[in-house]
Amino acid sequence: MKLSEIKKIIKKIIKEKTGEDFKIEIEEPRAKNISADLSFPAFEILKKYKNKLEIIIKELKGTGFFEKIETVLGFVNLKLKNEILINSLGLIYRDVSEYFRGEKKNKRVLVEYISANPTGPLNVANARAGVIGDLLVESFNISGFDVDSEYYYNDCGKQIELLGISLRERVKEIKGEEFKIPEEGYYGEYLKNIAREYVERRYNVLSFIVENYKDYALKKIVEMQKKSLKNFGTEFKNYIYESEIRKSTLIREVLKKLENYTYKKEGAIYFKSTEFGDDKDRVLMKSDGEYTYFLVDIAYHLHKIKRGYDYLINLWGPDHHGYIPRMKGALRALGFDKFEVLIVQQVNLRRGKERVRMSKRKGEIYSLDDLIKEVGKDAARFFLLLRAPSTPLDFDLELAKKMSQENPLYYVQYAHARCNQIEEFAKKKGFNMEIPENIKFDPKEIEIIKKIYLIQDIYEKISEKFVTHLLPFKLINLVSVFHSFYQSERVVDENNAENTLRRLFIVRCLKNLLKFMLGSMKIKAPEKM
RNA sequence: GCCCCCGUAGCUCAAUUGGAUAGAGCAUCGGAUUUCUAAUCCGGUGGUUGCAGGUUCGAGUCCUGCCGGGGGCGCCA
């Protein structure tokens, strides 16, 4: 019996007996010294239906899932039967992904993230959005949604013009001509490299047209970004270009559909976003007839809607928070309200006490590639997940590099390596892996199995509440129980085959679980450390 | 001026979104290795949750005001 099913049944019983759908979280008890596995507050139920709680508890007892049910200070505390816990192991042994899999939802979800301007290398904030987005996609997938990931390229506009000009000037530089990169242009080293390549390939024949430079730079930078992301373990299902949206009829369609919510003022067309809670109305078409970024963005989202998604999820940087009300408003005006924005806050880089300073003007940024090179892909991904998405994150490069007890990634990976080494050792001693006959587990073993069981609905929780940071935390918590067990108990014991086989079975289940969970973060599970 | 995020142990952060006696890791102090990996384990010290009110059975969490740190305000993208 899966954890999510048990929770569902508890909720169903409460609803049946009270006739009301209480919003109740069934969770591990937060307080210490409580031996229950699951718990829910019953204050509201007691207040409204004082005599019904007894009936609910009686019904819960009837399910046969629980060894003990008691009400303490208004909480209903439930202790699961050991056999419920133990029975779940078989599935982990055979197929971990099945263990975590939620029931099919028949809902399509689109998660759009990173979507950085294709004008330079990706930075650490992009990396953070990347790992969070990846884990969300993974969680939706595991939880039974049909999910796609998407990256949107703003390949039009002023920034891109400046990119083209900057490249043109760099090419001049290489040819020994006089050059000047505009104030707002791009100064990074990467453009010099692109310029060098450009000259070598003799693109310089007719190259007074900015267009050529622009297209070339764009192509190269998109390639560069994709390569960085691939090294980081992030790949997208869809890549959408702003230029495609502009070429389509979507923009005119948006203007038509929003007709009832727009007005003309001083030659510009405004969208009445104030009607949707924004603090002022926003321009869709400028007085010179140009589309605003906002209008094109609405068109892009209409494109998403037309592709048949039920839920749209966007990860944006903190500089876009003011943009949320108008975008939500526009989509509501188009008749779509399953649109969520998760703000991924900034990353502050440090080396010990010292802050890593960056200057965009000089083209000095600490890039995703730098990060991968300095601390490694796995440590980077783990650390970037360790904080709630919408809180600022301090990233200490020294700490992430350090191979010590301070580094929680190694703590988790070490547990996996340990499981593997135990199995290797057992093999040498002639033990074969099998499902044990004797399923009388001792209390210390049950403790591990319980942790394994209670972590089961983690991906569902992440997909519901976007709490990606819970995964590393839960992992650390799970693994600490195992490390403690390892210290006091032996797994492989030549004089006690029964114990050995039973414990080897747990070790294998844990190993499968750790590998799967690390994999869901695209982090390696080493066999040996 | 308006908006967003943050303020919790010496440090970095949790607290299941309003639940039980606010928890971890690091640092620090003490202890564990003839043993499947010590990148580990066991124990101690450490708190007026920035301040002041309010809401209620119950507040770190919600509301109001203030203090401090960071970010954002465009017919830019």
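Fair warning: this is a prediction, and the values are worked out from it, not measured in the lab. Chain naming here is simple, since letters A, B, ... match the order of the sequence lines and numbering starts at 1 in each. Side chains included, hydrogens not; waters and symmetry mates left out as well; all remaining heavy atoms used.
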Inset, instruction - For the residue pair A:R508 and A:C419, establish whether any side-chain heavy-atom pair is separated by less than 4.5 Å. - result: no

Legend entry - Contact list for RNA chain B against residues 447-468 of chain A - heavy-atom distance below 4.0 Å: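 Per residue number, the list reads A:K465, A:V467.
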
Inset, instruction - Give me the residues of residues 69-79 of chain A where at least one heavy atom lies under 4.0 Å from an atom of RNA chain B, by number, or none. - result: A:F75, A:N77

Legend entry - Touch class at under 4.0 angstrom, heavy-atom based, for A:K429 against every strand present: nothing

Legend entry - Sugar-phosphate, base or nothing in reach of A:F294, heavy atoms under 4.0 Å: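 If one applies the 4.0 Å heavy-atom cut-off, A:F294 turns out to touch nothing in the nucleic acid.
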
Inset, instruction - Flag the pair A:R246 and A:E242 as a salt bridge only when some basic side-chain nitrogen lies within less than 4.0 angstrom of an acidic carboxylate oxygen. - result: yes

Legend entry - Pairing of A:E25 and A:K7 as salt bridge, 4.0 angstrom limit: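 Salt bridge flag = no for A:K7 with A:E25.
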
Nearest whole Å is fine: how far is [N] [atom2] from [X] [atom1]?
X	N	atom1	atom2	value
A:R282	B:A77	CZ	P	14 Å
A:D279	B:G1	CG	C1'	13 Å
A:Y323	B:G72	OH	C1'	15 Å
A:L393	B:G70	CG	P	18 Å
A:E28	B:G19	CD	P	15 Å
A:R326	B:A77	CZ	P	12 Å

Taking the six-membered ring where the residue is Trp, are the ring centres of [X] and [Y] under 6.0 Å apart?
X	Y	answer
A:Y151	A:Y153	yes
A:Y300	A:Y152	yes
A:F425	A:F431	no

Inset, instruction - Indicate the atoms forming the closest heavy-atom contact of A:L514 with A:V479, along with that distance. - result: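 In this case the closest contact between A:L514 and A:V479 is CD2-CG2, 3.7 Å.
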
Can you tell me how the ring of [X] sits relative to the ring of [Y], calling it parallel under 30°, perpendicular over 60° and tilted otherwise?
X	Y	value
A:F22	A:Y49	perpendicular
A:F276	A:F271	parallel
A:W316	A:H301	perpendicular

Inset, instruction - Without swapping roles, check the side chain of A:H416 against the backbone of A:P526 for a donor-acceptor pair under 3.5 Å. - result: yes

Please state whether the phosphate of [N], meaning OP1 or OP2, lies under 4.0 angstrom from any side-chain nitrogen or oxygen of [X].
X	N	value
A:S480	B:U40	no
A:K280	B:G74	yes
A:Y414	B:A39	yes
A:K158	B:C75	no
A:Y300	B:A77	no
A:H320	B:G71	no

Inset, instruction - Do nucleotides 54-60 of chain B as a string where each nucleotide becomes B, S or -: B if the base has a protein heavy atom under 4.0 Å, S if just the sugar-phosphate does, - if no protein is that close. - result: ---B--B

Legend entry - Sugar-phosphate or base contact per nucleotide [nucleotides 28-36 of chain B; S, B, -; heavy atom under 4.0 Å]: ----B--BB

Legend entry - Same-atom distance (P) from B:G25 to B:U40, integer angstrom: 11 Å

Inset, instruction - Please measure how far the C1' atom in B:G47 lies from the corresponding atom in B:A24, and state the result in whole Å. - result: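 Between the two C1' atoms, the distance is 15 Å.
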
[Y] and [X] side chains, donor-acceptor separation under 3.5 Å:
X	Y	result
A:D493	A:T500	no
A:N420	A:K511	yes
A:S4	A:D457	no

Inset, instruction - Fill in the dot-bracket string of RNA chain B, one character per base: . for unpaired, | for a pair to another strand, ( ) or [ ] for pairs within the strand, taking Watson-Crick or G-U pairs under 3.5 Å. - result: (((((((..((((.....[...)))).(((((.......))))).....(((((..]....))))))))))))....

Which side-chain N or O atoms in residues 482-492 of chain A pair as donor and acceptor under 3.5 Å with protein atoms at least two apart or in another chain?
from   : atom 1 : to     : atom 2 : distance (Å)
A:H483 : ND1    : A:R418 : NH1    : 2.9
A:H483 : NE2    : A:Y411 : O      : 3.1
A:S488 : OG     : A:K444 : NZ     : 3.1
A:S488 : OG     : A:F485 : O      : 3.4
A:E489 : OE1    : A:R503 : NH2    : 3.4
A:E489 : OE2    : A:K444 : NZ     : 3.1
A:R490 : NE     : A:V492 : O      : 3.0
A:R490 : NH2    : A:V492 : O      : 3.4

